[in-house]
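Sequence lines set the chain letters: A, B, ... in the order given, protein chains first and strands last, and positions in each chain run from 1.
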2 protein chains.
Amino acid sequence: MQMIQGKWKIMIMFKLNEPGQHRFGELERHIQDVSHKTLTNQLRQLEDDGLIARHDFQTAEPHVEYELTDNGKSIMPVLDAICDWGDTHVDPKLIDRSLCDE
Amino acid sequence: MQMIQGKWKIMIMFKLNEPGQHRFGELERHIQDVSHKTLTNQLRQLEDDGLIARHDFQTAEPHVEYELTDNGKSIMPVLDAICDWGDTHVDPKLIDRSLCDE
DNA sequence: CAGTATCCTATGGGATACTG
DNA sequence: CAGTATCCCATAGGATACTG
């Protein structure tokens, strides 16, 4: 639980689970309401917990990409199950869908 | 996530999922390290979220029992999945098994 | 027995500004 | 662009004592 609790961690994981490269700025734009500091914090925690990997392209223009590790991929079905349960058992009025994709 | 995050909620749910009646004092004894106040808090939150039900036997000797609601039962497979993932993917050295049953 | 009240600390997360 | 630093606030949870 400690590894996945955090206001934005599930959203980060779902985003990273989508195909393609994922850069810091992209995540920040995609997850509208997260603060800059909190995003870096949660990314760092996920990284420390081995769920995601960070690739720093040591170029002049800072360029960092994140991706799921195998361990991170293995937890996605669990996160799916959490979201599915929420969709089917939680009163829609209580859910802030603005935090989600659709 | 908000409904299941809370230091002891998963343990409470698993305990209530076991057959038999479950009283406050029993939970308090079973979950060794939880503080009295925190246990009541988490029970109240689970109750407010509709995952458990509280039965107050209005007797001279206070007697309260808790049980899972249908909604609460429906989330147990998800909690199982979380625990199974933890058992198979998290370094055992990082897990405090003293918080668990066996 | 079950619950409440009070006090305390640690942590999470937001806002903002600054750095290379 | 990506990250750090600082300040601030709300909440979680523990310790303890009190109530019916």
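The distance from atom CH2 of A/W8 to atom C1' of C/dG12 is 12 Å, rounded to the nearest whole Å. Protein atom CD1 of A/I52 is 13 Å distant from nucleotide atom P of D/dA2, rounded to whole Å. Here the C1' atom of nucleotide C/dA15 and the CD atom of A/Q32 are 17 Å apart, to the nearest Å. One atom, NE2 of A/H22, and another, C1' of D/dA2, lie 17 Å apart when rounded to the nearest Å. Distance CG (B/L39) to P (C/dA2): 10 Å, rounded to an integer number of Å. The distance between atom CD1 of B/I12 and atom P of D/dA12, rounded to the nearest whole Å, is 14 Å. Atom NZ of A/K7 is separated from atom P of D/dT11 by 11 Å (rounded to the nearest Å). D/dT19 atom C1' lies 14 Å from atom CD of B/E61, rounded to whole Å.
More than 12 heavy-atom neighbours from other residues, nucleotides or ligands sit within 6.0 angstrom of CD on A/E26. Atom CD of B/Q5 sits in a crowded spot, with more than 12 heavy atoms from other residues, nucleotides or ligands closer than 6.0 Å.
Using a 4.0 Å heavy-atom cutoff across all strands shown, B/F57 reaches no nucleic acid atom at all. Contact annotation for A/Q42: backbone-only contact, meaning every heavy-atom pair under 4.0 Å involves sugar-phosphate atoms and none involves a base.
Ion pairing of A/E18 with A/K15 is present here, as a side-chain N (NZ or NE/NH1/NH2) and a carboxylate O approach within less than 4.0 Å.
Regarding contacts with the backbone of D/dA2, a side-chain N or O of A/R23 is found under 4.0 angstrom from either OP1 or OP2. For the OP1/OP2 pair of D/dG13 and a distance below 4.0 Å, the side-chain nitrogens and oxygens of B/T38 include no atom meeting the criterion.
Comparing C/dG13, C/dC1, D/dC1 by their closest approach to the side chain of B/P62 singles out C/dC1. Considering only side-chain atoms of A/T40, the nucleotide from C/dT6, C/dG14, D/dT4 that sits closest is D/dT4. Which of C/dG3, D/dA2, C/dC1 sits closest to the side chain of B/Y66 comes down to C/dG3. Nearest to the side chain of B/R54, among C/dG3, D/dG14, D/dG3, sits C/dG3.
Comparing B/R29 and B/R44 by the nucleotide of DNA chain C that holds the closest heavy atom to each, the one mapping nearer the 5' end is B/R29. Both B/G25 and A/N41 sit near DNA chain C, but only B/G25 has its closest nucleotide nearer the 5' end.
Across all strands shown, C/dG20 forms a Watson-Crick or G-U wobble pair, both distances under 3.5 Å, with D/dC1. Pairing of D/dT6, defined by two Watson-Crick or G-U wobble distances under 3.5 Å, is identified with C/dA15.
Under 3.5 Å, the side chain of B/H36 and the base of C/dG3 form at least one donor-acceptor pair of N or O atoms. Judged by distance alone with a 3.5 Å cut-off, a donor-acceptor contact links the side chain of B/K37 to the base of D/dG13.
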For this session: Give the C-alpha distance, both sets of side-chain angles, the deciding distance and a yes or no for side chain to side chain contact (heavy atoms under 4.5 Å, CB included) between A/D48 and A/R44.
Result: CA-CA 6 Å; A/D48 289 342; A/R44 201 67 69 246; 4.1 Å; yes
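Taking the six-membered ring where tryptophan is involved, the planes of B/F57 and B/H63 are tilted, since the angle between them lies from 30° to 60°. Classified by interplanar angle (parallel below 30°, tilted 30° to 60°, perpendicular above 60°), the ring pair B/Y66/B/F24 is tilted.
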